[in-house]
Amino acid sequence: MEEVEHSTNNNNNNNCRYDEPVECPECGSHSIVHDYEKGELYCGSCGLVMEEEIVDQGPEWRAFDSEQTMKRARTGAPASYTIHDKGLSTTIDWRNKDTYGKTISSGDQAKFYRLRKWQKRINVSDSSERSLVFALSEIDRMGSALGLSRSIREGAALLYRQAADKGLIRGRSIEGLSTAVLYATCRQYGVPRTLDELAGVSRIGKKEVGRTYRFISRELGLKLQPVSPVDLVPRFCSKLDLTGDVQAKTIEILGEAEEKDVSVGKGPVGLVAASIYIAATLLGRRRTQKEIADVTGVTEVTIRNRYKEIAEALDIGI
DNA sequence: AAGACGAAAGTGGTTGA
DNA sequence: TCAACAACTTTCGTCTT
């Protein structure tokens, strides 16, 4: 385990990748929306997604001169659920220097060695603490691999703690629990990722993620709505290089399909995939079933079945 | 030749007796 | 606990563009 060093890292927090205001290349509107919750950057006017999986970096405040910077900067790292002791414990630096930067005498060095040793034992004392450390780092790793916002990773860490407090870890892999809580948190925040995507950044399979997710969802009494197909549209569309008009059409189709009761009991991903296929075809931006299948993670067969059902119900001839 | 189509058999999960 | 069931996948042969 590495020692956690606290530093006030305020010097290069202002390297934001997106200088605002940005103009929408599609409709020229200036109403660009930074949705850090969904990790997306899109046009509020026409819906064009310009970036997804943007990383929320830097402080939440803005400063216009150095005086404000000094005023607004707060000392120390924020208390965080993604660090096992919430970032609040003290660590003893590994450098053999005192507070004045002078090297500590060789006699004292042995003393400090013992101090460090005990310090670590106190911080990461028992096995549950140690597994928590591992789980939280895994959540953070997977979260950033999927481009999820800080708040979602924090939420997942909190959920993991709740699971740990209830003793739900026993007999289950840490990796599985970590992946499952991350999946659950994404859904809570309305930015669903598919099981495939989670399994892709995890060391365990889709099956196990699903199983563990159902388990913790039941045990912790999470009441999660089924994934809404609409939440998946922007991400899939932008991966397919489809712009706002196709997204809007897709959402329209999904809405009508819902009304006509063709979507009951069907998997949301298949519905989205088929709706995108129809919308893109109608608007002359045709994508092959295979392209859509690759992005969405369902098979071409499923796309075909859904799109036939939807097209029939909505009287759409292609 | 690539894409779309559809039949058939298999998988994993839910439900209800 | 087990069988029926729906959704989805895999595979493969055929048709269409």
Side-chain angles (χ1 to χ4, degrees), chain A residues 159 163 168 171-173 175-188 192-233 235-237 239-243 246 249-251 253-318:
Chain A
L159 202 55
L168 303 179
R172 249 161 265 274
S173 75
E175 185 85 20
L177 247 325
S178 310
T179 317
V181 295
L182 195 54
Y183 176 72
T185 312
C186 285
R187 288 183 53 169
Q188 273 183 331
R193 293 297 188 268
T194 61
L195 282 175
D196 274 321
E197 289 172 294
L198 263 299
V201 294
S202 174
R203 262 173 279 247
I204 61 173
K206 177 182 171 179
K207 219 169 77 181
E208 184 69 23
V209 181
R211 213 203 314 274
T212 315
Y213 160 71
R214 276 188 299 278
F215 171 74
I216 60 155
S217 163
R218 180 163 26 94
E219 294 298 320
L220 292 177
L222 308 175
K223 31 188 188 304
L224 292 171
Q225 304 295 322
V227 175
S228 163
V230 176
D231 286 333
L232 299 163
V233 173
R235 208 155 43 82
F236 287 154
C237 275
K239 275 190 185 169
L240 286 162
D241 238 357
L242 292 168
T243 44
V246 183
K249 189 75 190 167
T250 305
I251 291 170
I253 292 170
L254 283 170
E256 287 179 40
E258 176 97 27
E259 265 177 38
K260 301 257 163 103
D261 274 354
V262 250
S263 47
V264 281
K266 304 294 194 294
V269 185
L271 287 169
V272 175
S275 301
I276 292 175
Y277 181 71
I278 297 170
T281 307
L282 284 178
L283 297 175
R285 304 266 189 64
R286 195 182 181 83
R287 295 290 182 275
T288 65
Q289 293 178 356
K290 174 139 189 18
E291 283 174 313
I292 298 175
D294 284 344
V295 167
T296 56
V298 295
T299 60
E300 301 160 64
V301 180
T302 303
I303 295 177
R304 280 199 290 274
N305 291 335
R306 285 303 85 76
Y307 119 75
K308 265 187 300 174
E309 292 163 9
I310 295 173
E312 194 179 337
L314 303 188
D315 263 339
I316 300 173
I318 296 186

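In what follows, every heavy atom counts, from backbone to side chain, and hydrogens, waters and symmetry copies are set aside. In what follows, chains are A, B, ... by sequence order, proteins preceding strands, each numbered from 1.
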* To do: For side chain to side chain contact (heavy atoms under 4.5 Å, CB included), just list the numbers for A:Val246 and A:Leu240, CA-CA rounded to whole Å, side-chain angles, deciding distance to a tenth of an Å, and then say yes or no.
  => CA-CA 11 Å; A:Val246 183; A:Leu240 286 162; over 6 Å; no

* Just checking A:Gly210: base, sugar-phosphate only, or nothing, at a heavy-atom cut-off of under 4.0 Å? -> nothing

* To do: Mind calculating the distance between CZ (A:Arg304) and P (C:dT16) to the nearest angstrom?
  => 15 Å

* Verify the neighbour count for atom CD of A:Glu312: are there more than 12 heavy atoms of other residues, nucleotides or ligands below 6.0 Å? => no

* Of the listed nucleotides B:dA7, B:dG3, B:dG13, the one nearest the side chain of A:Thr288 -> B:dG3

* Between A:Arg172 and A:Glu219, is there a salt bridge with N-O shorter than 4.0 Å? -> no

* Measure the distance from CG on A:Asn305 to P on B:dC5 and round it to the nearest whole Å. => 11 Å

* Asked: Between A:Tyr213 (OH) and B:dG13 (P), how many Å, whole number?
  -> 15 Å

* Asked: Would a distance-only check, ignoring hydrogens and angles, find a side-chain to backbone donor-acceptor pair under 3.5 Å from A:Thr296 to A:Ile292?
  -> yes

* **Residues that A:Arg304 engages under side chain to side chain donor-acceptor pair (under 3.5 Å), provided they are two or more places apart** => A:Gln289

* Asked: B:dT11 phosphate, OP1 or OP2: any side-chain N/O from A:Lys207 under 4.0 angstrom?
  -> no

* Less than 4.5 Å apart, any side-chain heavy atom of A:Thr179 and any of A:Thr212? -> no

* Between atom CZ in A:Phe215 and atom C1' in B:dG13, what is the gap in whole Å? -> 18 Å

* How close or far is atom C1' of B:dG12 from atom CD of A:Glu208, stated in whole angstroms? -> 14 Å

* Has A:Glu258 got more than 12 heavy atoms of other residues, nucleotides or ligands less than 6.0 Å from its CD? -> no

* **Protein-nucleotide distance (A:Lys290, atom NZ; C:dT10, atom C1'), rounded to Å** => 14 Å

* Asked: Once Watson-Crick and G-U wobble pairs under 3.5 Å are found, how is DNA chain C written in dot-bracket notation, 5' to 3', with | for any base paired to another strand?
  -> |||||.|||||||||||

* Any A:Tyr307 side-chain nitrogen or oxygen under 4.0 Å from OP1 or OP2 of B:dA4 -> no

* For A:Thr299, report the nucleic acid contact type (base, sugar-phosphate, nothing); a contact means any heavy atom under 4.0 Å. => base

* Structure fact -> Taken to the nearest whole Å, CG/A:Leu195 to P/C:dC8 is 13 Å

* **Options B:dA4, B:dA7, B:dC5, nucleotide nearest the side-chain atoms of A:Arg286** => B:dA4

* Would one find a side-chain N or O of A:Lys266 under 4.0 angstrom from OP1 or OP2 of C:dA7? -> yes

* Structure fact -> Rounded to whole Å, the NZ-P distance (A:Lys206 to B:dG12) equals 11 Å

